[in-house]
Amino acid sequence: MAGQAEKVFVPTDTELLQAQSDLWRHTLCYLTPMALRCAVDLGVPTAIHRLGGAASPSELVAALSLPTSKLPFLARLLRQLATAGVFSATDAGTYRLNPLSYLLVDGVRIDGDASQTALVRAAASRYYVEAAMGLADWFRKDFDGAVPSPFEDVHGAAIFEESMVLLDPEMDQLLHDALAAHDHMGIGPVLRQCRELFDGLESLTDCGGGDGTTARSIVEAYPHITCTVLDLPKVMDKVLPAEEGAVKYVSGDLFHVVPPAQAVLLKLVLHFWSDEECVKILAQCKKAVPPRDAGGKVIVIDIVLGSVSGPMLETQHLMDMVMLVVTRGRQRDEKDWSEIFVKAGFSGYKIVKKLGARAVIEVYP
């Protein structure tokens, strides 16, 4: 009925108090990654490791050569990080490493170089934070042509491009270190839990394989496979030798040509690119592999949005948000993946395994 007043929703006291608490948490949760970066910069995880795996705030103050006046403040920082699940708190007032903080210990290797400190420093850097703070302005702008990322809009540079080197060489190196840490972590579970991927496989090209950490892990686990690592010349120029046992290194651009092999691996590559660019990459991969009945396939390791639930689903969505803020790419759900596979000319696909927030997909020519 025209003119009828809309009924106003009135929350109960319980709902109002919960909403207030949730609002505080969402408004202030940025402090957790800042506290995490502080702990990484101070070397807290490594210090706890060197102190036998557990340490009190006073022991950490001494080990890290911090002023004794900072003891109560460090205790509060550690309490927040333990609440967030970064460390484990004990009844004795000490803090222990857990699987998360173990990944932040210098010199500890799990499935290759597992230290994730560069990832923490990059994601909590002023460049990422300032790009995110520019989101509202970015949404209001009507760009001509291709839409830049908020990161590009705020800083006038794109990550992993020459413009970033010119803007801040140290940040550019940190971004590459973070990318390597992110990409290398997790290949062990794939090799152990997805053995069917490699059964009968004789050759594989790892696109965007960087320094060959993943390829070397594959060859070590499956010596019968010969691997070719493809990456840009600026990456390959730092990799020596050009051939290392069963691993060969090739400079090139996956948009133009992919070295032929029975299988092509795209591990954490496609989320960086738009759908149109992914179709171009996949089309080159399709040219590089034999028909399906000859064992030809493309192996995609990436996030499939909605393939998990609970906190890990939020992690997937946060990974999509970071793609929105700093790149022109995105994370994709299964429907999105299916559509780009079809557009690239593939006949079918299968999600082989879900491993944490990521999935392993076989795509068939």
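With sequence neighbours excluded, the residues forming a side-chain contact (heavy atoms from CB on, under 4.5 Å) with Gln284 are Val258, Lys287, listed by chain and number.
Asp336 and Arg330 are joined by a salt bridge, as a carboxylate oxygen and a charged side-chain nitrogen come within less than 4.0 angstrom of each other. Note on Asp153 versus Lys141: salt bridge recorded, some NZ/NE/NH1/NH2 to OD/OE distance being below 4.0 Å. Using a 4.0 Å cut-off between charged nitrogen and carboxylate oxygen, Arg37 and Asp41 count as a salt-bridge pair. The residues Arg332 and Asp275 are annotated as salt-bridged, a charged nitrogen and a carboxylate oxygen being separated by less than 4.0 angstrom. A salt bridge does not link Lys234 to Glu162: none of the charged side-chain nitrogens sits closer than 4.0 Å to a carboxylate oxygen. Checked for salt-bridge contact, Lys335 and Glu339 meet the test: a charged N lies under 4.0 Å from a carboxylate O.
In this structure, a donor-acceptor pair under 3.5 Å is absent between the side chains of Ser21 and Gln18. A donor-acceptor pair shorter than 3.5 Å can be found between the side chains of Ser149 and Glu152. A donor-acceptor pair shorter than 3.5 Å can be found between the side chains of Asp168 and Tyr127. Checked by atom type, the side-chain pair Thr32/Gln80 shows a donor-acceptor distance below 3.5 Å. Between the side chains of Gln316 and Ser307, at least one donor N or O sits under 3.5 Å from an acceptor N or O. Looking only at atom types and distance, the side chain of Thr14 has no donor-acceptor partner in the side chain of Thr12 under 3.5 Å away. Side chains of Glu334 and Tyr349: a donor on one and an acceptor on the other come within 3.5 Å.
Under a hydrophobic clustering in which Ile, Leu, Val, Met, Phe, Trp and Tyr are joined whenever their side-chain heavy atoms come within less than 4.5 Å, directly or via other members, Ile187 and Ile225 fall into the same cluster.
Using bins of under 30°, 30° to 60° and over 60° for the plane-to-plane angle, the ring pair His49/Tyr102 lands in the perpendicular bin. Note: His224 and Tyr222 have perpendicular aromatic rings, judged against thresholds of 30 and 60 degrees for the angle between ring planes.
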